[in-house]
Amino acid sequence: MSEHSAKESSIRRDLSGQQLGDYRLLRRLGQGAMAEVYLAEQISLQRQVAVKILKPELAKDQTYIQRFQREARAAAALVHGNIVQIHEVGCIDGIYFIAQEYVRGLNLKQHLARYGPVDTKTALAIMHQVAAALCRAAEAGIVHRDIKPENIMITERGEVKVADFGLARLPGGGDAVELTQAGMTMGTPLYMSPEQIEGKALDCRSDIYSFGVTCYHMLAGAPPFEGDTALSVAIQHLKKAPIPLEHRRPDLPPALCRVVHKMLAKTKDARYQSPWELLQDLSPLAREYLGDSAESSILATQLAAVPAPATSTTPTQRLQAMMQRKNRRWPTVVILAAWAGLIVVGFFAGTYLGKQWMNTHTVAFATPTGGEAVPKFETVGAQVLFALHTGTKEAWEAVVRYFPEETYYSRRAKKQLAWLALMEGRDHDAMKLFQELANLDSSEPELQAFGLAGQYWLLVKQNRFGEAATVLDALLPLQNRLEDPAMRQLFRTALQETLERSRLLPGASVAEKWRQWLEEQTTETNGS
(Lines give C-alpha, C1' and ligand atoms only; values in the text may rest on other atoms or scores of the structure.)
Protein backbone atom coordinates (compact mmCIF):
# COMPACT_ATOMS: atom_id res chain seq x y z
CA MET A 1 0.00 0.00 0.00
CA SER A 2 1.38 3.45 -0.92
CA GLU A 3 1.98 6.10 1.72
CA HIS A 4 -0.88 8.15 0.26
CA SER A 5 -3.26 5.17 0.38
CA ALA A 6 -2.20 4.40 3.95
CA LYS A 7 -3.01 7.97 4.98
CA GLU A 8 -6.38 7.82 3.23
CA SER A 9 -7.13 4.50 4.97
CA SER A 10 -6.18 6.03 8.32
CA ILE A 11 -8.51 8.98 7.72
CA ARG A 12 -11.39 6.74 6.70
CA ARG A 13 -10.86 4.56 9.74
CA ASP A 14 -11.08 7.36 12.29
CA LEU A 15 -13.72 6.11 14.72
CA SER A 16 -14.04 9.32 16.71
CA GLY A 17 -17.64 9.93 17.75
CA GLN A 18 -18.64 6.26 17.48
CA GLN A 19 -19.61 3.91 20.30
CA LEU A 20 -17.83 0.61 20.94
CA GLY A 21 -19.80 -1.33 23.52
CA ASP A 22 -19.60 0.60 26.77
CA TYR A 23 -17.13 3.11 25.33
CA ARG A 24 -17.86 6.32 23.46
CA LEU A 25 -14.77 7.15 21.40
CA LEU A 26 -14.14 10.88 21.83
CA ARG A 27 -11.05 11.49 19.71
CA ARG A 28 -7.99 9.73 18.39
CA LEU A 29 -4.91 10.30 20.53
CA GLY A 30 -2.39 8.62 18.24
CA GLN A 31 -1.38 5.39 16.58
CA GLY A 32 1.50 2.96 16.57
CA ALA A 33 2.60 -0.12 14.68
CA MET A 34 -0.07 -2.31 16.26
CA ALA A 35 -2.97 -0.16 17.34
CA GLU A 36 -4.79 3.15 17.24
CA VAL A 37 -5.44 4.85 20.57
CA TYR A 38 -8.59 6.80 21.38
CA LEU A 39 -9.64 8.88 24.34
CA ALA A 40 -12.99 7.44 25.32
CA GLU A 41 -15.71 7.76 27.92
CA GLN A 42 -16.73 4.58 29.69
CA ILE A 43 -20.46 5.22 29.85
CA SER A 44 -21.37 2.91 32.74
CA LEU A 45 -18.74 4.34 35.10
CA GLN A 46 -18.64 7.87 33.67
CA ARG A 47 -14.87 7.96 33.48
CA GLN A 48 -12.28 8.63 30.81
CA VAL A 49 -10.25 5.69 29.54
CA ALA A 50 -7.82 5.02 26.70
CA VAL A 51 -9.07 2.49 24.14
CA LYS A 52 -6.51 0.73 21.94
CA ILE A 53 -7.96 -0.73 18.76
CA LEU A 54 -5.94 -3.37 16.96
CA LYS A 55 -5.19 -2.50 13.34
CA PRO A 56 -7.31 -4.47 10.82
CA GLU A 57 -4.32 -6.01 9.06
CA LEU A 58 -3.23 -7.64 12.32
CA ALA A 59 -6.76 -8.74 13.16
CA LYS A 60 -6.70 -11.05 10.10
CA ASP A 61 -4.12 -13.35 11.74
CA GLN A 62 -6.05 -15.64 14.11
CA THR A 63 -2.86 -17.01 15.67
CA TYR A 64 -1.80 -13.50 16.52
CA ILE A 65 -5.27 -12.60 17.79
CA GLN A 66 -5.24 -15.53 20.21
CA ARG A 67 -1.84 -14.58 21.56
CA PHE A 68 -2.86 -10.90 21.70
CA GLN A 69 -5.91 -11.73 23.81
CA ARG A 70 -4.06 -14.21 26.04
CA GLU A 71 -1.20 -11.87 26.83
CA ALA A 72 -3.41 -8.82 27.27
CA ARG A 73 -5.61 -10.69 29.77
CA ALA A 74 -2.53 -11.81 31.66
CA ALA A 75 -1.33 -8.21 31.76
CA ALA A 76 -4.73 -7.11 33.03
CA ALA A 77 -4.02 -9.12 36.18
CA LEU A 78 -1.01 -6.87 36.92
CA VAL A 79 -2.42 -4.53 39.54
CA HIS A 80 0.26 -2.09 40.66
CA GLY A 81 0.48 1.65 41.21
CA ASN A 82 3.29 1.96 38.67
CA ILE A 83 1.57 -0.01 35.89
CA VAL A 84 -1.09 1.37 33.55
CA GLN A 85 -4.12 -0.72 34.44
CA ILE A 86 -5.96 -2.69 31.75
CA HIS A 87 -9.72 -2.63 32.35
CA GLU A 88 -11.08 -4.84 29.57
CA VAL A 89 -9.99 -6.90 26.57
CA GLY A 90 -12.69 -7.57 24.00
CA CYS A 91 -13.97 -7.78 20.45
CA ILE A 92 -17.12 -6.10 19.13
CA ASP A 93 -18.22 -6.36 15.49
CA GLY A 94 -14.79 -7.63 14.50
CA ILE A 95 -12.96 -4.78 16.25
CA TYR A 96 -10.43 -6.05 18.79
CA PHE A 97 -9.75 -3.57 21.55
CA ILE A 98 -8.20 -3.00 24.95
CA ALA A 99 -9.64 -0.46 27.38
CA GLN A 100 -7.08 0.81 29.86
CA GLU A 101 -6.37 3.53 32.36
CA TYR A 102 -6.07 7.01 30.79
CA VAL A 103 -2.92 8.69 32.06
CA ARG A 104 -2.95 12.46 31.82
CA GLY A 105 0.61 13.72 31.50
CA LEU A 106 3.73 13.20 29.40
CA ASN A 107 5.62 10.10 28.46
CA LEU A 108 9.35 10.07 29.15
CA LYS A 109 10.20 10.74 25.50
CA GLN A 110 8.09 13.90 25.56
CA HIS A 111 9.57 14.91 28.90
CA LEU A 112 13.11 14.59 27.54
CA ALA A 113 12.21 16.53 24.40
CA ARG A 114 10.80 19.34 26.51
CA TYR A 115 13.26 19.53 29.40
CA GLY A 116 16.36 17.63 28.26
CA PRO A 117 18.39 15.12 30.32
CA VAL A 118 17.24 14.75 33.90
CA ASP A 119 19.11 15.39 37.14
CA THR A 120 20.06 12.72 39.67
CA LYS A 121 16.98 13.12 41.87
CA THR A 122 14.54 12.94 38.97
CA ALA A 123 16.36 9.94 37.49
CA LEU A 124 16.23 8.03 40.76
CA ALA A 125 12.54 8.81 41.25
CA ILE A 126 11.75 7.46 37.79
CA MET A 127 14.08 4.45 38.01
CA HIS A 128 12.75 3.37 41.41
CA GLN A 129 9.13 3.37 40.23
CA VAL A 130 9.80 1.59 36.92
CA ALA A 131 11.88 -1.04 38.71
CA ALA A 132 8.96 -1.61 41.09
CA ALA A 133 6.67 -2.16 38.11
CA LEU A 134 9.13 -4.65 36.60
CA CYS A 135 9.24 -6.52 39.93
CA ARG A 136 5.48 -6.99 39.82
CA ALA A 137 5.62 -8.18 36.20
CA ALA A 138 8.46 -10.61 36.93
CA GLU A 139 6.48 -12.11 39.80
CA ALA A 140 3.68 -12.83 37.32
CA GLY A 141 6.10 -14.22 34.74
CA ILE A 142 5.34 -11.44 32.23
CA VAL A 143 8.05 -9.95 30.01
CA HIS A 144 7.24 -6.52 28.61
CA ARG A 145 9.54 -6.77 25.54
CA ASP A 146 9.30 -3.07 24.64
CA ILE A 147 10.53 -0.94 27.53
CA LYS A 148 11.36 2.47 26.05
CA PRO A 149 10.73 6.16 26.88
CA GLU A 150 7.40 6.20 25.01
CA ASN A 151 6.04 3.48 27.32
CA ILE A 152 7.00 5.23 30.56
CA MET A 153 4.30 7.71 31.56
CA ILE A 154 4.72 10.56 34.04
CA THR A 155 1.45 11.82 35.48
CA GLU A 156 0.70 15.39 36.43
CA ARG A 157 1.21 14.39 40.08
CA GLY A 158 4.66 12.96 39.36
CA GLU A 159 3.71 9.30 39.45
CA VAL A 160 5.44 6.99 36.98
CA LYS A 161 3.46 4.30 35.18
CA VAL A 162 4.69 1.69 32.69
CA ALA A 163 2.33 1.17 29.75
CA ASP A 164 1.68 -1.70 27.33
CA PHE A 165 2.54 -4.74 29.42
CA GLY A 166 1.63 -7.78 27.40
CA LEU A 167 1.02 -5.76 24.25
CA ALA A 168 4.54 -5.26 22.98
CA ARG A 169 5.35 -8.57 21.26
CA LEU A 170 5.74 -7.98 17.55
CA PRO A 171 3.52 -9.91 15.13
CA GLY A 172 4.90 -13.31 14.16
CA GLY A 173 5.72 -16.60 15.76
CA GLY A 174 8.66 -15.57 17.92
CA ASP A 175 10.60 -12.66 19.30
CA ALA A 176 13.04 -12.30 16.43
CA VAL A 177 13.14 -8.90 14.72
CA GLU A 178 13.30 -8.46 10.96
CA LEU A 179 16.06 -5.83 10.87
CA THR A 180 16.20 -5.60 7.10
CA GLN A 181 12.48 -4.97 6.68
CA ALA A 182 11.74 -1.95 4.49
CA GLY A 183 10.47 1.00 6.48
CA MET A 184 11.50 -0.50 9.82
CA THR A 185 11.15 2.17 12.46
CA MET A 186 14.02 2.99 14.78
CA GLY A 187 11.95 3.23 17.94
CA THR A 188 12.17 -0.39 19.02
CA PRO A 189 15.70 -1.46 17.90
CA LEU A 190 17.15 1.47 19.84
CA TYR A 191 16.15 -0.23 23.11
CA MET A 192 16.22 -3.97 22.31
CA SER A 193 18.30 -6.45 24.28
CA PRO A 194 20.92 -8.54 22.43
CA GLU A 195 18.94 -11.73 23.01
CA GLN A 196 15.77 -10.15 21.61
CA ILE A 197 17.65 -9.07 18.49
CA GLU A 198 18.89 -12.63 18.03
CA GLY A 199 15.41 -14.10 18.51
CA LYS A 200 16.31 -16.03 21.66
CA ALA A 201 14.06 -16.79 24.61
CA LEU A 202 13.37 -13.77 26.79
CA ASP A 203 12.96 -13.30 30.51
CA CYS A 204 12.94 -10.33 32.89
CA ARG A 205 16.63 -9.67 32.22
CA SER A 206 15.74 -8.56 28.70
CA ASP A 207 13.44 -5.88 30.16
CA ILE A 208 16.27 -4.87 32.50
CA TYR A 209 18.57 -4.31 29.51
CA SER A 210 15.95 -2.24 27.66
CA PHE A 211 15.37 -0.23 30.81
CA GLY A 212 19.13 0.31 31.06
CA VAL A 213 19.14 1.75 27.53
CA THR A 214 16.23 3.98 28.51
CA CYS A 215 18.04 5.17 31.65
CA TYR A 216 21.17 5.90 29.63
CA HIS A 217 19.07 7.97 27.21
CA MET A 218 17.33 9.73 30.10
CA LEU A 219 20.65 10.75 31.66
CA ALA A 220 22.86 11.32 28.59
CA GLY A 221 20.26 12.91 26.33
CA ALA A 222 20.67 10.21 23.66
CA PRO A 223 20.60 6.39 23.52
CA PRO A 224 23.96 4.61 23.81
CA PHE A 225 23.76 3.39 20.21
CA GLU A 226 22.41 5.20 17.17
CA GLY A 227 22.67 4.61 13.43
CA ASP A 228 21.13 5.14 10.03
CA THR A 229 19.46 1.72 9.94
CA ALA A 230 17.92 -0.69 12.40
CA LEU A 231 20.59 -3.23 11.48
CA SER A 232 23.47 -0.91 12.34
CA VAL A 233 21.91 -0.19 15.73
CA ALA A 234 21.32 -3.89 16.37
CA ILE A 235 24.94 -4.79 15.62
CA GLN A 236 26.10 -2.21 18.14
CA HIS A 237 23.83 -3.71 20.80
CA LEU A 238 25.46 -7.08 20.09
CA LYS A 239 29.10 -6.02 19.75
CA LYS A 240 29.86 -2.48 20.91
CA ALA A 241 30.40 -1.15 24.43
CA PRO A 242 28.57 2.10 25.18
CA ILE A 243 30.52 5.27 25.92
CA PRO A 244 30.85 5.37 29.73
CA LEU A 245 27.96 7.38 31.13
CA GLU A 246 30.30 9.26 33.46
CA HIS A 247 32.15 10.62 30.41
CA ARG A 248 28.93 12.14 29.11
CA ARG A 249 27.71 13.27 32.52
CA PRO A 250 30.62 13.77 34.95
CA ASP A 251 28.20 15.34 37.43
CA LEU A 252 26.40 12.02 38.06
CA PRO A 253 27.16 9.87 41.09
CA PRO A 254 29.57 7.06 40.04
CA ALA A 255 27.32 4.53 41.78
CA LEU A 256 24.39 5.52 39.56
CA CYS A 257 26.52 5.13 36.42
CA ARG A 258 27.58 1.66 37.60
CA VAL A 259 23.95 0.64 38.04
CA VAL A 260 23.06 1.72 34.50
CA HIS A 261 26.07 -0.04 32.96
CA LYS A 262 25.32 -3.25 34.84
CA MET A 263 21.84 -3.15 33.32
CA LEU A 264 23.50 -2.78 29.91
CA ALA A 265 25.70 -5.87 30.15
CA LYS A 266 25.72 -7.80 26.85
CA THR A 267 25.17 -11.20 28.47
CA LYS A 268 22.16 -11.94 30.65
CA ASP A 269 24.29 -13.50 33.40
CA ALA A 270 26.29 -10.29 33.82
CA ARG A 271 23.19 -8.13 34.38
CA TYR A 272 20.94 -7.88 37.39
CA GLN A 273 19.22 -11.23 37.59
CA SER A 274 15.91 -9.73 38.63
CA PRO A 275 14.30 -6.29 39.06
CA TRP A 276 14.47 -6.94 42.80
CA GLU A 277 18.28 -6.97 42.63
CA LEU A 278 18.13 -3.69 40.73
CA LEU A 279 15.94 -2.18 43.45
CA GLN A 280 18.42 -3.28 46.10
CA ASP A 281 21.18 -1.25 44.42
CA LEU A 282 18.90 1.72 43.81
CA SER A 283 17.63 1.91 47.39
CA PRO A 284 20.80 3.34 49.03
CA LEU A 285 21.08 5.91 46.24
CA ALA A 286 17.43 6.84 46.70
CA ARG A 287 17.93 7.28 50.44
CA GLU A 288 21.00 9.47 49.87
CA TYR A 289 19.49 11.75 47.23
CA LEU A 290 15.75 11.59 47.94
CA GLY A 291 15.92 11.31 51.72
CA ASP A 292 12.70 10.38 53.45
CA SER A 293 10.53 11.83 50.68
CA ALA A 294 8.47 9.50 48.58
CA GLU A 295 9.81 9.00 45.07
CA SER A 296 6.71 10.40 43.41
CA SER A 297 6.60 13.49 45.63
CA ILE A 298 10.16 14.41 44.65
CA LEU A 299 9.28 14.07 40.99
CA ALA A 300 6.01 15.93 41.43
CA THR A 301 7.86 18.86 42.98
CA GLN A 302 10.21 19.03 40.03
CA LEU A 303 7.41 18.79 37.47
CA ALA A 304 5.17 21.37 39.14
CA ALA A 305 5.07 25.01 38.15
CA VAL A 306 7.51 26.97 40.33
CA PRO A 307 7.33 30.68 41.15
CA ALA A 308 9.37 32.81 38.76
CA PRO A 309 12.45 34.50 40.26
CA ALA A 310 12.66 38.24 40.68
CA THR A 311 14.65 38.57 37.47
CA SER A 312 11.73 37.19 35.46
CA THR A 313 9.56 40.29 35.83
CA THR A 314 11.10 42.10 32.90
CA PRO A 315 10.58 39.39 30.22
CA THR A 316 7.14 38.67 31.62
CA GLN A 317 6.14 42.30 31.37
CA ARG A 318 7.58 42.46 27.86
CA LEU A 319 5.50 39.51 26.69
CA GLN A 320 2.36 40.91 28.28
CA ALA A 321 2.96 44.29 26.66
CA MET A 322 3.62 42.63 23.31
CA MET A 323 0.29 40.82 23.46
CA GLN A 324 -1.58 43.98 24.54
CA ARG A 325 -0.11 45.92 21.60
CA LYS A 326 -2.02 43.64 19.22
CA ASN A 327 -5.25 45.49 20.18
CA ARG A 328 -7.36 42.44 19.34
CA ARG A 329 -9.80 42.72 22.27
CA TRP A 330 -8.63 39.34 23.55
CA PRO A 331 -9.79 38.45 27.08
CA THR A 332 -7.39 39.33 29.86
CA VAL A 333 -7.56 35.78 31.20
CA VAL A 334 -6.19 34.45 27.90
CA ILE A 335 -3.33 36.94 27.95
CA LEU A 336 -2.46 36.05 31.51
CA ALA A 337 -2.66 32.33 30.77
CA ALA A 338 -0.26 32.67 27.86
CA TRP A 339 2.51 34.50 29.67
CA ALA A 340 2.01 32.43 32.81
CA GLY A 341 2.50 29.32 30.69
CA LEU A 342 5.73 30.79 29.37
CA ILE A 343 6.97 31.34 32.91
CA VAL A 344 6.27 27.69 33.75
CA VAL A 345 8.12 26.39 30.71
CA GLY A 346 11.00 28.84 30.57
CA PHE A 347 11.81 29.20 34.22
CA PHE A 348 11.05 25.67 35.40
CA ALA A 349 14.29 24.49 33.85
CA GLY A 350 16.23 27.66 34.59
CA THR A 351 15.36 28.19 38.23
CA TYR A 352 14.98 24.67 39.54
CA LEU A 353 17.04 22.24 37.50
CA GLY A 354 19.69 24.74 36.44
CA LYS A 355 20.37 26.24 39.86
CA GLN A 356 20.03 22.97 41.76
CA TRP A 357 22.43 21.24 39.37
CA MET A 358 24.99 24.03 39.45
CA ASN A 359 24.83 24.38 43.23
CA THR A 360 25.51 20.68 43.75
CA HIS A 361 27.66 19.82 40.71
CA THR A 362 29.94 22.79 40.07
CA VAL A 363 32.54 20.54 38.42
CA ALA A 364 30.66 20.84 35.13
CA PHE A 365 31.37 24.58 35.09
CA ALA A 366 34.96 24.53 36.27
CA THR A 367 36.68 24.33 32.91
CA PRO A 368 35.52 27.00 30.46
CA THR A 369 38.00 27.80 27.70
CA GLY A 370 38.98 31.01 25.97
CA GLY A 371 38.20 34.59 26.95
CA GLU A 372 34.85 35.01 25.19
CA ALA A 373 32.02 37.07 26.69
CA VAL A 374 30.13 33.78 26.96
CA PRO A 375 32.71 31.13 27.87
CA LYS A 376 32.88 27.86 26.03
CA PHE A 377 32.56 24.81 28.27
CA GLU A 378 33.97 21.38 27.60
CA THR A 379 30.59 19.68 27.13
CA VAL A 380 27.33 20.72 25.55
CA GLY A 381 25.54 19.77 28.77
CA ALA A 382 27.53 22.32 30.75
CA GLN A 383 26.92 24.93 28.05
CA VAL A 384 23.16 24.33 28.17
CA LEU A 385 23.10 24.55 31.95
CA PHE A 386 24.96 27.85 31.78
CA ALA A 387 22.32 29.11 29.32
CA LEU A 388 19.51 27.87 31.57
CA HIS A 389 21.04 29.69 34.51
CA THR A 390 21.68 33.01 32.78
CA GLY A 391 18.72 32.94 30.41
CA THR A 392 20.27 35.45 28.02
CA LYS A 393 20.17 35.60 24.25
CA GLU A 394 23.98 35.46 24.13
CA ALA A 395 24.12 32.33 26.29
CA TRP A 396 21.66 30.43 24.09
CA GLU A 397 23.41 31.61 20.93
CA ALA A 398 26.64 30.20 22.38
CA VAL A 399 25.09 26.72 22.55
CA VAL A 400 24.40 26.88 18.81
CA ARG A 401 27.76 28.47 17.96
CA TYR A 402 30.02 26.26 20.07
CA PHE A 403 28.24 22.94 19.53
CA PRO A 404 26.62 23.02 16.05
CA GLU A 405 27.11 19.26 15.68
CA GLU A 406 24.92 18.62 18.75
CA THR A 407 21.69 19.07 16.81
CA TYR A 408 19.41 17.93 19.64
CA TYR A 409 20.61 20.73 21.92
CA SER A 410 21.18 23.41 19.28
CA ARG A 411 17.61 23.04 17.99
CA ARG A 412 16.20 23.45 21.48
CA ALA A 413 18.47 26.42 22.04
CA LYS A 414 16.92 27.96 18.92
CA LYS A 415 13.50 27.33 20.43
CA GLN A 416 14.54 29.34 23.49
CA LEU A 417 15.95 32.07 21.23
CA ALA A 418 12.61 32.24 19.41
CA TRP A 419 10.81 32.79 22.72
CA LEU A 420 13.28 35.52 23.73
CA ALA A 421 12.88 37.28 20.39
CA LEU A 422 9.10 37.11 20.74
CA MET A 423 9.20 38.51 24.28
CA GLU A 424 11.50 41.35 23.27
CA GLY A 425 9.43 42.36 20.26
CA ARG A 426 12.04 41.30 17.69
CA ASP A 427 9.44 39.86 15.35
CA HIS A 428 11.78 39.54 12.36
CA ASP A 429 14.30 37.47 14.34
CA ALA A 430 11.52 35.38 15.87
CA MET A 431 9.99 34.65 12.46
CA LYS A 432 13.34 33.44 11.06
CA LEU A 433 13.76 31.04 13.98
CA PHE A 434 10.16 29.80 13.77
CA GLN A 435 10.60 29.16 10.04
CA GLU A 436 13.82 27.21 10.64
CA LEU A 437 12.12 24.99 13.23
CA ALA A 438 9.05 24.53 11.03
CA ASN A 439 11.29 23.31 8.19
CA LEU A 440 12.86 20.49 10.23
CA ASP A 441 12.32 16.93 9.05
CA SER A 442 9.65 14.63 10.43
CA SER A 443 11.96 13.33 13.19
CA GLU A 444 11.22 16.49 15.21
CA PRO A 445 7.42 16.86 15.01
CA GLU A 446 7.14 18.77 18.31
CA LEU A 447 9.61 21.41 17.12
CA GLN A 448 7.96 21.53 13.70
CA ALA A 449 4.59 22.20 15.31
CA PHE A 450 6.12 24.82 17.62
CA GLY A 451 7.69 26.61 14.64
CA LEU A 452 4.49 26.59 12.58
CA ALA A 453 2.40 27.84 15.50
CA GLY A 454 4.90 30.64 16.12
CA GLN A 455 4.75 31.63 12.45
CA TYR A 456 0.96 31.65 12.58
CA TRP A 457 0.91 33.86 15.66
CA LEU A 458 3.18 36.45 14.06
CA LEU A 459 1.37 36.42 10.71
CA VAL A 460 -1.98 36.99 12.40
CA LYS A 461 -0.43 39.74 14.49
CA GLN A 462 0.72 41.40 11.24
CA ASN A 463 -2.68 40.92 9.54
CA ARG A 464 -1.13 38.64 6.90
CA PHE A 465 -4.08 36.28 6.88
CA GLY A 466 -3.46 34.69 3.48
CA GLU A 467 0.01 33.50 4.53
CA ALA A 468 -1.36 32.52 7.94
CA ALA A 469 -3.91 30.26 6.24
CA THR A 470 -1.13 28.40 4.39
CA VAL A 471 0.78 27.86 7.64
CA LEU A 472 -2.40 26.66 9.34
CA ASP A 473 -2.92 24.09 6.60
CA ALA A 474 0.63 22.76 7.16
CA LEU A 475 0.06 22.60 10.92
CA LEU A 476 -3.16 20.58 10.70
CA PRO A 477 -1.52 17.10 10.59
CA LEU A 478 0.76 18.12 13.49
CA GLN A 479 -1.91 19.61 15.74
CA ASN A 480 -1.48 16.89 18.39
CA ARG A 481 2.28 17.51 18.49
CA LEU A 482 1.89 21.12 19.66
CA GLU A 483 2.92 20.25 23.21
CA ASP A 484 4.52 23.48 24.46
CA PRO A 485 1.79 24.88 26.75
CA ALA A 486 2.68 28.56 26.28
CA MET A 487 2.82 28.31 22.50
CA ARG A 488 -0.37 26.27 22.45
CA GLN A 489 -2.10 29.08 24.38
CA LEU A 490 -0.78 31.77 22.03
CA PHE A 491 -1.84 29.73 19.02
CA ARG A 492 -5.31 29.10 20.44
CA THR A 493 -5.76 32.83 20.99
CA ALA A 494 -4.77 33.72 17.43
CA LEU A 495 -6.82 30.87 15.96
CA GLN A 496 -9.94 31.80 17.88
CA GLU A 497 -9.63 35.41 16.79
CA THR A 498 -9.30 34.54 13.11
CA LEU A 499 -12.19 32.08 13.24
CA GLU A 500 -14.45 34.56 14.99
CA ARG A 501 -13.64 37.27 12.44
CA SER A 502 -13.96 34.94 9.42
CA ARG A 503 -10.39 35.54 8.37
CA LEU A 504 -9.47 31.87 8.06
CA LEU A 505 -8.99 31.13 4.37
CA PRO A 506 -7.84 27.51 3.74
CA GLY A 507 -11.39 26.26 3.23
CA ALA A 508 -14.51 25.36 5.16
CA SER A 509 -13.41 21.79 5.93
CA VAL A 510 -10.10 22.92 7.42
CA ALA A 511 -11.83 25.64 9.41
CA GLU A 512 -14.26 23.07 10.82
CA LYS A 513 -11.39 20.79 11.89
CA TRP A 514 -9.73 23.65 13.71
CA ARG A 515 -13.00 24.60 15.41
CA GLN A 516 -13.23 21.02 16.63
CA TRP A 517 -9.63 21.24 17.90
CA LEU A 518 -10.50 24.40 19.83
CA GLU A 519 -13.50 22.68 21.39
CA GLU A 520 -11.33 19.73 22.44
CA GLN A 521 -8.78 22.08 23.97
CA THR A 522 -11.49 23.89 25.89
CA THR A 523 -12.94 20.58 27.10
CA GLU A 524 -9.54 19.37 28.33
CA THR A 525 -8.87 22.69 30.08
CA ASN A 526 -12.22 22.59 31.84
CA GLY A 527 -11.76 18.96 32.79
CA SER A 528 -8.29 19.32 34.27
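Of the possible polar contacts, one joining the Q383 side chain to the P375 backbone as a donor-acceptor pair under 3.5 Å is found. Of the possible polar contacts, none joining the E101 side chain to the V84 backbone as a donor-acceptor pair under 3.5 Å is found. The main-chain N or O of G221 is never found under 3.5 Å from a side-chain atom of Y408 such that the two would form a donor-acceptor pair. Judged by distance alone, with hydrogens and angles left aside, the side-chain atoms of H144 form no donor-acceptor pair with the main-chain N or O of S206 at under 3.5 Å. Not a single donor-acceptor pair under 3.5 Å links the side chain of N151 to the backbone N or O of I147.
Salt bridge E424/K393: absent, no basic N to carboxylate O contact under 4.0 Å. Salt-bridge check for R145 with D207: failed, with every basic side-chain N at 4.0 Å or more from each acidic carboxylate O. In this structure, D251 pairs ionically with R249, as a charged nitrogen and a carboxylate oxygen lie closer than 4.0 Å. At a threshold of 4.0 Å, the pair R412-E444 counts as salt-bridged, since one of the basic side-chain nitrogens sits closer than that to a carboxylate oxygen. A salt bridge is absent between E36 and K52: the closest approach of a Lys/Arg side-chain nitrogen to an acidic carboxylate oxygen does not fall below 4.0 angstrom.
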Before giving the answer on side-chain contact (heavy atoms from CB on, under 4.5 Å), spell out for F491 and L472 the whole-Å C-alpha distance, their side-chain angles and the decisive distance to 0.1 Å.
CA-CA 10 Å; F491 173 72; L472 198 61; 3.6 Å; yes
Run the side-chain contact (heavy atoms from CB on, under 4.5 Å) test on M127 and L256 for me, step by step, so that the C-alpha distance in whole Å, both residues' side-chain angles and the decisive distance to 0.1 Å come before the verdict.
CA-CA 10 Å; M127 291 172 71; L256 178 58; 3.8 Å; yes
Decide side-chain contact (heavy atoms from CB on, under 4.5 Å) for W396 and L420; before the verdict, give the C-alpha distance in whole Å, the side-chain angles of both, and the deciding distance to 0.1 Å.
CA-CA 10 Å; W396 285 112; L420 288 172; 3.9 Å; yes
Check against side chain to side chain donor-acceptor pair (under 3.5 Å), T122 and D119:
CA-CA 6 Å; T122 305; D119 67 333; 2.5 Å; yes
Is there a ring pair (Phe, Tyr, Trp, His ring centres under 6.0 Å) between F450 and F434? Walk through the geometry before answering.
CA-CA 7 Å; F450 176 88; F434 286 136; 5.7 Å; yes
Does Y409 form a ring pair (Phe, Tyr, Trp, His ring centres under 6.0 Å) with F403? I'd like the steps, not just the answer.
CA-CA 8 Å; Y409 295 99; F403 296 94; 8.8 Å; no
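Atom-to-atom distance recorded for Q448:CD and S442:OG is 6.5 Å, nearest 0.5 angstrom. Rounding to the nearest 0.5 Å places CG of D14 at 4.0 Å from CZ of R28. Rounding to the nearest 0.5 Å gives a distance of 4.0 Å between CD1 of I126 and CD1 of I154. K240 contributes atom NZ, which lies 11.5 Å from atom CD1 of I235 (distance to the nearest 0.5 angstrom). Atom CG in L458 sits 4.5 Å away from atom CE in M431 (nearest 0.5 Å). One finds the CG atom of L482 at 9.5 Å from the CG atom of L452 (value rounded to the nearest 0.5 Å).
N107 and P149 get closest at one heavy-atom pair: CB-O, 3.8 Å. Minimum heavy-atom separation, A40 to V51: CB-CG2, 3.7 Å.
Ring orientation note: the planes of Y191 and H217 are close to parallel, at an angle under 30° on the 30°/60° scale.
The six-membered or imidazole ring of H237 lies near that of Y209, with a centre-to-centre distance under 6.0 Å.
Applying the side chain to side chain contact (heavy atoms under 4.5 Å, CB included) test to A222 and every residue at least two apart in sequence or in another chain returns E226, R248.
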